[in-house]
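Please read the structure below before turning to the comments.
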Amino acid sequence: MSAPDPLGELRDAVLDAAGAVSGGEHGPPVPPTLEQPKRAGLGDYSTNAGMLLAPALGAPPREIAERVGHELATRLGPALDRTEVAGPGFLNLFLSDRWHRRAVATMLAASDRFGAGGAESPERILVEFVSANPTGPLVAASGRHAAYGDALARILAFHGHAVMSEYYFNDAGSQIRLLGESVHARALGAQLPQGGYEGGYITELAGEIPDAADADAADLAARAVDLLFASIKATLDRYGVRFERFFSERVLHEGSPSAVERALAQLIEGGHAYRSEGALWLRTTTFGDDKDRVLERSNGEPTYLAADVAYLLNKRDRGFERQINPVGADHHGYAVRLKAAFSALGGDPETIELPLLQFVHLIEGTQKAAMSKRRGEFVTLDELLDEIGVDATRFFMLQRSHDRTLDLDLELARRESAENPVYYVQYAHARIASMLDRAGADRVAAAQAGVDDWGVGELHVAERALVKTLAAFPEEVAEAAERRAPHRITTYALELAQVFTAFYRDCRVVGATPVAVESFRIALSVTTKHTIASALSLLGVSAPEMM
RNA sequence: GCCCCCGUAGCUCAGCUGGAUAGAGCGGCGGCCUUCUAAGCCGCGGGUCGCAGGUUCGAGUCCUGCCGGGGGCACCA
């Protein structure tokens, strides 16, 4: 159930008015826009409805805009001061102070649910992310995956979907074997195996495991995995990332027939898999791949793809209508394969999404830090958190669009941690807390209760701007959710903090006279505080009461 | 060679799926603390939105081609 939303109501009115003008027969091809004009003087909002309807109605856009304006006036009544047709056919809306005050009342009543529940068709969604194998500590890049996946899950849930977060990992197989052999080699002071793990943490593990030199590699591998997984979980916990479930690939190989065997049988039965050169191939070329892929090696061992297909089915069978699986940009070919497999099994490939996360480049001054787990050259997520803190790391990781590479200059982040934008946003929140504290709980409660007494005097331009920025929150959430773009919330949080700070500068709150003005401003501040806290919480960043 | 992502201010990046005179942070320069938190605020400077075509009332945004950067093209995951 979606919370009341002033801007949404306004948008409905515009849509309705446009429908009335077009006679209901030929509505606009796409919904008309309703946005805040960048330039001052062009009203609170403007719509392009006139221009959109012009071709179908065969009348000049400005004339249609005029008619939409009239329809809107009858629908909005005192909420609307006036409309103005401008430029090629924009209709600019000048909303009354009354509209702004009511908007605050509405948003205030929604409390911390303001902006929530907007999803039009809620789905059961599984977000699977990080999923790093326990062969080493989480690195900085994992920090991006963790921040992205976690924020996306939070945003989708807030938007109204039923969301679960899951971490898929492989704790068996060749890489794990190699891990055990590497630890063993370090314990003995012997040469590492071919392609072994070189990181210093391997030597540390060897030291932590008693009698490592005498143990066999398989046993060592199991113990190393336990230790590494414990540390991965501790890092995630510290980072504020929660998973409902850690899913072991091993489960898919257990039983007879195993989940993997059943998946392969199903593919063969459907004619989508065939044997050639001793291996079992998935005919992904049917679904747009440029070559077929091996499911089962000629030595009889299944590939990771076989397990992943079984996992796909497992998730579908658990009732998830959509699977979102953020992966590294280097996995982009993998997306085609996975979707092909899903199609072959009768699934809708559109419901399998693999957002590609571009790489994180850690830069030390001008020098790039290479990150290879095997060669052991990396900055771990823990080190990054030690360096710049959880909130700053998450905020930074979520500041850029996920499909862009992220340059993180450690020197800069370290040196300027106090100037990171995250502090700016948190500071605005803390400042409101302090202000409300000064006003006193009774005063704050009275201000919110006295909605009907707010209507005194003319609103300041900064007040109006803040109301509109707040009113945009539900649509920002919707955009972030639908486009899988948490970074929009980051940008929004920053903007809201800026607009609030301008209001704070220009409008005295506590002690403003008459009391009605103070009441309204307190209410506005409370709403802002809720909204900043909501936005930060969607990002997994804390909203301190005091700084 | 084929596929994916990206070229916007000195640097790092937003830009609301096509709207009006393109924005923010950082960096530079100059100002502002007897008044609700100066982790702040104000001002100045800074742009052929990679290039060239196309689509239309209108393009940073969509299409095509080129140039440049990153990534991928395993019986590794």
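Numbered from 1 within each chain, the chains take letters A, B, ... in sequence-line order.
At the heavy-atom level, A/T501 lies under 4.0 Å from the strands shown only through sugar-phosphate atoms. A/Y492 comes within 4.0 angstrom of nothing in the nucleic acid, heavy atoms only. In this structure, A/R337 reaches the bases: a heavy-atom distance under 4.0 Å links it to at least one base atom across the strands shown. Within the 4.0 angstrom heavy-atom criterion, base atoms lie near A/R431.
Comparing the C1' positions of B/rC6 and B/rC42 gives an interatomic distance of 36 Å, to the nearest angstrom. Taking the P atom of each, B/rG31 and B/rG71 are spaced 46 Å apart, rounded to whole Å. Taking atom C1' on both B/rA38 and B/rG50, the two are 41 Å apart, rounded to the nearest angstrom. Going from the P atom of B/rG54 to that of B/rU61 covers 14 Å, rounded to whole Å. Atom P of B/rG25 sits at a distance of 43 Å from the matching atom of B/rC2, rounded to the whole Å. B/rA52 and B/rC13 are spaced 26 Å apart, taking the C1' atom of each and rounding to whole Å. For the C1' atoms, the distance from B/rU64 to B/rU55 is 11 Å, rounded to whole Å. Comparing the same atom, P, in B/rC63 and in B/rG19 gives a spacing of 15 Å after rounding to whole Å.
What you find for A/F396 and A/D407 is that their closest heavy atoms are CE2-O, 3.8 Å.
The side chain of A/R293 sits closest to B/rA74 out of B/rG40, B/rU35, B/rA74. For A/A329, counting side-chain heavy atoms from C-beta on, the closest listed nucleotide (B/rG71, B/rC75, B/rA20) is B/rG71.
One finds a salt bridge joining A/E545 and A/K529 here, because a Lys/Arg side-chain nitrogen approaches an Asp/Glu carboxylate oxygen to under 4.0 Å. Taking the charged nitrogens against the carboxylate oxygens, A/E166 and A/K315 have no contact shorter than 4.0 Å, which rules out a salt bridge. One finds a salt bridge joining A/D290 and A/R293 here, because a Lys/Arg side-chain nitrogen approaches an Asp/Glu carboxylate oxygen to under 4.0 Å.
Note: A/Y168 and A/Y311 have parallel aromatic rings, judged against thresholds of 30 and 60 degrees for the angle between ring planes. Between A/F359 and A/H361, the ring planes lie perpendicular to each other; the angle is over 60°, past the 30° to 60° tilted range. The aromatic rings of A/Y274 and A/W281 sit parallel to each other, their planes meeting at less than 30°, with 60° as the upper class boundary.
An OP1 or OP2 oxygen of B/rG25 is reached within less than 4.0 angstrom by a side-chain nitrogen or oxygen of A/Q498. For B/rA39, the OP1/OP2 oxygens have a side-chain nitrogen or oxygen of A/Y427 closer than 4.0 Å.
Base orientation for B/rC62: anti, the chi torsion being more than 90° from 0.
Between the A/R443 side chain and the A/R438 main chain, no donor and acceptor come within less than 3.5 Å of each other. Between the side chain of A/Q323 and the backbone N or O of A/L312, at least one donor-acceptor pair lies under 3.5 Å. Judged by distance alone, with hydrogens and angles left aside, the side-chain atoms of A/E63 form no donor-acceptor pair with the main-chain N or O of A/P60 at under 3.5 Å. A side-chain donor-acceptor contact under 3.5 Å links A/T284 to the backbone of A/K291.
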Protein-proximity profile, nucleotides 42-48 of chain B, B/S/- by nucleotide at the 4.0 Å heavy-atom cutoff, equals S------
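No hydrogens or angles considered: nothing links the side chains of A/S298 and A/E277 as a donor-acceptor pair under 3.5 Å. Checked by atom type, the side-chain pair A/T135/A/N133 shows no donor-acceptor distance below 3.5 Å.
Between A/A86 and A/D292, the residue anchored nearer the 5' end of RNA chain B, judged by the nucleotide with its closest heavy atom, is A/A86. Position along RNA chain B of the nearest nucleotide to A/C507 versus A/N170 favours A/C507 as the more 5'-ward residue.
With rounding to whole Å, A/F129 atom CZ is found 23 Å from B/rA77 atom P. Rounded to an integer number of Å, the gap from CZ of A/F90 to C1' of B/rG58 is 8 Å. A/E277 places its CD atom 14 Å from the P atom of B/rA74, with the value rounded to the nearest Å. Taking atom CG of A/L354 as the reference point, atom P of B/rA77 lies 17 Å away to the nearest angstrom. Rounded to whole angstrom, the span from the CD atom of A/Q358 across to the P atom of B/rG7 amounts to 11 Å. Atom NE2 in A/H332 sits roughly 9 Å away from atom C1' in B/rC5 (whole-Å rounding). Spacing between atom CG of A/L356 and atom P of B/rC3 amounts to 16 Å, rounded to whole angstrom units. Protein atom CZ of A/F500 is 13 Å distant from nucleotide atom C1' of B/rC41, rounded to whole Å.
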Chi angles and distances behind the side chain to side chain donor-acceptor pair (under 3.5 Å) call for A/Q426, A/D391 | CA-CA 10 Å; A/Q426 291 182 319; A/D391 285 340; 2.9 Å; yes
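Stacking between A/Y504 and B/rC36 is present: the aromatic ring centre lies within less than 5.5 angstrom of the base six-membered ring centre, and the two planes differ by under 30 degrees.
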How does RNA chain B look in dot-bracket form if you count Watson-Crick and G-U pairs under 3.5 Å, write [ ] for pairs that cross, and put | where a base pairs with another strand?
-> (((((((..((((.....[...)))).(((((.......))))).....(((((..]....))))))))))))....
Between the protein and nucleotides 13-16 of chain B, which nitrogen or oxygen pairs come in under 3.5 angstrom?
residue	atom	partner	partner atom	Å
B/rC13	OP1	A/T405	O	3.1
B/rA14	OP1	A/S401	N	2.6
B/rA14	OP2	A/R404	NE	3.3
B/rA14	OP2	A/R404	NH1	2.8
B/rA14	O2'	A/T491	OG1	3.4
B/rG15	OP1	A/H487	NE2	3.1
B/rC16	O4'	A/R488	NH2	3.4
B/rC16	O2'	A/E479	OE2	3.2

